[in-house]
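As structure tokens, the structure follows; a few thoughts come after it.
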Amino acid sequence: MGGKLIVLSGPSGVGKSTVVKGVMARSQTLQFSVSATTRPMRPGEVDGKNYFFVSRDQFRQMIEQQALLEYAQYVGNYYGTPEAPLNEALEAGRDVLLDIEVQGALRVKARRPDAILIFMLAPSFRDIEARLFGRGDTAPELIRERLERARWEYTQAGQYDYLVVNDNVDKAVSEILSIIEAEKCKTSERLHLLKEEL
Ligand code: 5GP
């Protein structure tokens, strides 16, 4: 039985990366899908761990070689999911977590209907604003663009399978892990157990 493809989206400033870190720390089996991006590296980020930081030319090459499961433009930069490592993990039965924006998530769902889509909300929009301004690593003009994008992303969230509110990091982490657990208990996943008993 292959692994599960779990796609997590949520606007910039919702606290997603902290929750992702928590989910990865508490799961022994989940593999994080490292995206390629043309965005400059932020302090503390590690190439090959947070992202593969590539030039626009390199990104274009990846598109031409059809190396990406999906890609999207986000506030002036490109982001994409390398397909080969993802397939390898799924075929080996490992679950894979994607942290990607809405357009990409919906493309993944179209190509792989069995993907599980989780959207993360902030307790309120004010929280998103406060977090983006407080983070201090993004220029005010880019923050405005990210806020606009966040509002649009909220309008798309109804297409997701699950909504998680990040009013408490531990709770959000637990909810995501519970969703993954529950998905694995679905009858369609476990029919073989019945067959073995008959
Ligand atoms: P950031 O620049 O804050 O790291 O990420 C900006 C947005 O790009 C986030 O919403 C993040 O989830 C999204 N993102 C990261 N990697 C990918 C990817 O491979 N594909 C798509 N479509 N979005 C991505």
Side-chain angles (χ1 to χ4, degrees), residues 5-24 31-56 58-63 65-87 89 96-112 115-122 125 127-129 131-157 159-160 162-164 166 172 176:
L5 188 53
I6 299 116
V7 181
L8 179 67
S9 302
S12 188
V14 88
K16 206 172 22 150
S17 26
T18 311
V19 172
V20 166
K21 231 182 259 169
V23 169
M24 294 307 299
Q31 180 168 318
F32 183 69
S33 161
V34 181
S35 296
T37 184
T38 61
R39 152 167 96 55
M41 207 186 282
R42 289 189 195 131
E45 285 184 327
V46 179
D47 189 23
K49 183 167 176 264
N50 303 92
Y51 283 105
F52 295 109
F53 293 94
V54 299
S55 66
R56 285 191 171 239
Q58 284 170 315
F59 200 93
R60 229 168 275 140
Q61 263 177 25
M62 294 174 99
I63 297 172
Q65 291 163 356
Q66 302 188 334
L68 301 174
L69 171 64
E70 62 73 38
Y71 68 93
Q73 213 177 352
Y74 179 91
V75 193
N77 285 297
Y78 285 98
Y79 296 79
T81 306
E83 188 161 16
L86 183 140
N87 283 339
V96 181
L97 178 67
L98 272 63
D99 167 357
I100 66 176
E101 54 70 64
V102 169
Q103 283 180 329
L106 297 177
R107 275 184 203 133
V108 170
K109 188 76 178 178
R111 289 188 63 181
R112 306 205 178 200
I116 302 152
L117 264 56
I118 307 174
F119 191 90
M120 193 182 291
L121 302 164
F125 233 83
D127 285 272
I128 295 184
E129 274 181 35
R131 229 186 289 228
L132 280 180
F133 282 105
R135 206 157 70 179
D137 63 1
T138 310
E141 186 44 43
L142 283 182
I143 291 182
R144 268 185 285 280
E145 276 185 59
R146 281 177 179 249
L147 281 172
E148 241 171 72
R149 181 76 174 220
R151 283 186 200 286
W152 175 77
E153 291 198 332
Y154 264 53
T155 67
Q156 305 299 310
Q159 298 175 71
Y160 279 64
Y162 296 93
L163 297 179
V164 167
N166 186 19
I176 291 170

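Counting starts at 1 for both ligands and their atoms, in listed order.
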Is there a side-chain contact between E45 and F53 in this structure, where contact means two heavy atoms from C-beta onward sitting under 4.5 Å apart? yes

Here the atoms of ligand 1 under 4.0 Å from any heavy atom belonging to S35 are 16 (N), 17 (C), 18 (C), 19 (O)

Applying a heavy-atom cut-off of 4.0 Å, say which part of R146 lies close to ligand 1: side chain, backbone, both or neither. side chain

Protein contact of atom 6 (C) of ligand 1 - nearest heavy atom, named by residue and atom, plus distance: Y74 CE2, 3.4 Å

of all protein heavy atoms, closest to atom 20 (N) of ligand 1 is E70 OE2, 2.7 Å

Check each atom of ligand 1 against the heavy atoms of A72 and keep those under 4.0 Å away; list them by number with element. 22 (N)

Backbone, side chain, both or neither: what part of R42 comes under 4.0 angstrom of ligand 1, heavy atoms only? side chain

Is it the case that ligand 1 has an N or O less than 3.5 angstrom from some N or O of E101? yes

Would R39 pass as a cation-pi partner of Y79, given that its NZ or CZ must be under 6.0 Å from the six-membered ring centre and within 45 degrees of the axis? no

Can you pull out the closest protein heavy atom to atom 4 (O) of ligand 1? Residue, atom name and distance to 0.1 Å, please. Y51 OH, 2.6 Å

Below 4.0 Å from ligand 1: does a non-hydrogen atom of R39 turn up there or not? yes

Heavy-atom side-chain proximity of M41 to D47 below 4.5 angstrom: yes

Going by heavy atoms in the side chains, are Y51 and R42 under 4.5 Å from each other? no

Taking side chain as C-beta onward, heavy atoms only, is R149 less than 4.5 Å from E101? yes

Test log, rule salt bridge (Lys or Arg N to Asp or Glu O under 4.0 Å), inputs E148 and R151: CA-CA 5 Å; E148 241 171 72; R151 283 186 200 286; over 6 Å; no

Would you say that Q156 contacts F119 through its side chain, given a criterion of any heavy-atom pair below 4.5 Å between the two side chains? no

Against ligand 1, does K16 come closer than 4.0 Å with any heavy atom? yes

Does some side-chain heavy atom of Y74 sit less than 4.5 Å from a side-chain heavy atom of T37? no

Would G80 count as being in polar contact with ligand 1, using the rule that some N or O on each side must be under 3.5 angstrom apart? yes

Do ligand 1 and Y71 have nitrogen or oxygen atoms that lie under 3.5 Å from each other? no

